[in-house]
Amino acid sequence: MKKPFCANALSRAAFAVRRGRFTRIGIPALAVVALAQLAGCRSATAPDHLPPPAVQAPGEAGKAEFAAVAQAYGKELLDAVGEQDYRKFVTHFAAAFDTKEREKGFPASCSKIGKIIKSEYIGNLDRELLQTYLWRVAVEKAVKEKNGEARTATFDRLMQITLLKADGKFQIVDFQFN
């Protein structure tokens, strides 16, 4: 009787360790790397003296303050996208968001969004420490028809920012434009 395929594929020979160059050289090299990591080598980029930020959850009274700040920040973000001003755009973001790659790609991203006609704040989502705020944004953009003609179309897009308060300072930690 013939064995099923799966029995042949899972035979011992398929999983046998082949002694070769890697097992003689590679395994000891991996052990040295692992021991160096465990030995407590410190990274030069991670400062030990800075405490983690104190993130504050908004209480019932603080939610109004969060909403007011979010609406002001949202208006500034929309203005910055319309003006294609990257420095104005990243003013209230957490420091990790500001990179040279993002700065280089910012004008192209703004062009993809289109011309902002109007915006409307539509609400927020409670997420414990984070608060997410939503805007309905009408944009105008040139589109090409199948016959090659260009026309201007109006689209509704959703802008979303996520805000937190760390060390007493409001910061945007996420931004999406869908």
Side-chain angles (χ1 to χ4, degrees), residues 34 37-146 150-178:
Q37 293 292 325
L38 295 174
C41 298
R42 292 179 184 236
S43 169
T45 60
D48 290 341
H49 61 283
L50 296 176
V55 178
Q56 301 162 347
E60 288 304 316
K63 287 185 181 181
E65 180 187 19
F66 262 76
V69 169
Q71 289 181 34
Y73 285 6
K75 182 175 178 351
E76 288 179 30
L77 288 174
L78 289 168
D79 291 343
V81 168
E83 299 166 7
Q84 294 188 5
D85 184 351
Y86 181 76
R87 287 288 125 214
K88 185 176 180 181
F89 182 76
V90 295
T91 301
H92 302 294
F93 277 87
F97 189 84
D98 187 10
T99 63
K100 290 289 182 194
E101 292 82 23
R102 285 196 173 130
E103 186 171 5
K104 266 198 308 194
F106 186 71
S109 296
C110 292
S111 296
K112 285 181 186 176
I113 290 171
K115 180 184 174 191
I116 297 172
I117 300 169
K118 67 177 182 173
S119 64
E120 172 189 2
Y121 174 73
I122 55 177
N124 71 305
L125 306 171
D126 288 331
R127 297 177 49 207
E128 198 170 339
L129 295 176
L130 305 171
Q131 297 292 303
T132 300
Y133 297 90
L134 308 167
W135 282 261
R136 179 181 178 178
V137 181
V139 297
E140 207 173 59
K141 191 172 180 181
V143 294
K144 287 187 178 180
E145 296 290 335
K146 290 181 182 178
R151 68 176 178 87
T152 302
T154 303
F155 300 97
D156 281 339
R157 310 277 306 263
L158 181 70
M159 183 180 84
Q160 168 183 324
I161 66 169
T162 301
L163 194 66
L164 67 77
K165 190 173 185 180
D167 291 333
K169 181 182 173 190
F170 287 99
Q171 297 178 12
I172 298 172
V173 293
D174 186 34
F175 171 84
Q176 294 181 26
F177 210 102
N178 301 318

(request) For Tyr133, enumerate each residue passing the side chain to side chain donor-acceptor pair (under 3.5 Å) test, keeping only those at least two apart in sequence or located in another chain. (result) none
(request) With sequence neighbours excluded, tell me which residues meet side chain to side chain donor-acceptor pair (under 3.5 Å) with Gln71. (result) none
(message) Any heavy-atom pair between the side chains of Gln160 and Thr132 that's under 4.5 Å?
(response) yes
(message) Which residues pass the salt bridge (charged side-chain N to carboxylate O under 4.0 Å, His left out) test with Glu140, not counting sequence neighbours?
(response) none
(request) Take Phe177 and Val81 through the side-chain contact (heavy atoms from CB on, under 4.5 Å) test and state the conclusion after the steps. (result) CA-CA 11 Å; Phe177 210 102; Val81 168; 5.5 Å; no
(request) Taking side-chain contact (heavy atoms from CB on, under 4.5 Å) as the test, write out the residues that go with Val143, two or more places apart. (result) Arg151, Ala153, Phe155
(message) What I'd like to find out is whether the side chain of Gln131 reaches to under 4.5 Å of the side chain of Lys165, using heavy atoms alone.
(response) no
(request) Using the test side-chain contact (heavy atoms from CB on, under 4.5 Å), find all partners of Ala94 that sit at least two apart in sequence or belong to another chain. (result) Gln171, Val173
(message) Among residues at least two apart in sequence or on other chains, which ones pass side chain to side chain donor-acceptor pair (under 3.5 Å) with Glu103?
(response) Arg87
Please tabulate, for the side chains in residues 109-121, all donor-acceptor contacts under 3.5 angstrom to protein atoms that are two or more places apart in sequence or on a different chain.
residue	atom	partner	partner atom	Å
Ser109	OG	Gly105	O	3.2
Ser111	OG	Pro107	O	3.1

(request) Would you indicate whether the side-chain heavy atoms of Leu77 and Ile172 approach each other to under 4.5 Å? (result) yes
(message) Rounded at 0.5 Å granularity, tell me how far CG in Leu158 sits from CD1 in Ile122.
(response) 5.5 Å
(message) Holding to salt bridge (charged side-chain N to carboxylate O under 4.0 Å, His left out), I want the full list of residues that pass it with Arg157, two or more places apart in sequence or in another chain.
(response) none
(message) Just to verify, what does Phe170 make a ring pair (Phe, Tyr, Trp, His ring centres under 6.0 Å) with, not counting sequence neighbours?
(response) Phe66
(message) Restricting to side-chain contact (heavy atoms from CB on, under 4.5 Å), what partner residues turn up for Asn178, sequence neighbours left out?
(response) Gln176
(message) Walk me through whether Tyr86 and Arg102 qualify under side-chain contact (heavy atoms from CB on, under 4.5 Å).
(response) CA-CA 9 Å; Tyr86 181 76; Arg102 285 196 173 130; 3.7 Å; yes
(request) With sequence neighbours excluded, tell me which residues meet salt bridge (charged side-chain N to carboxylate O under 4.0 Å, His left out) with Asp174. (result) none
(message) In the structure I gave you, are the side-chain heavy atoms of Leu78 and Val137 within less than 4.5 Å of one another anywhere?
(response) yes
(message) I need the Thr154 OG1 to Lys141 NZ distance, nearest 0.5 Å.
(response) 12.5 Å
(request) Could you note down all residue pairs passing salt bridge (Lys or Arg N to Asp or Glu O under 4.0 Å) where residues 72-81 supplies at least one of them, sequence neighbours left out? (result) Lys75-Asp79
(request) Enter the distance from Phe106:CZ to Asp85:CG here, rounded to the nearest 0.5 Å. (result) 7.5 Å
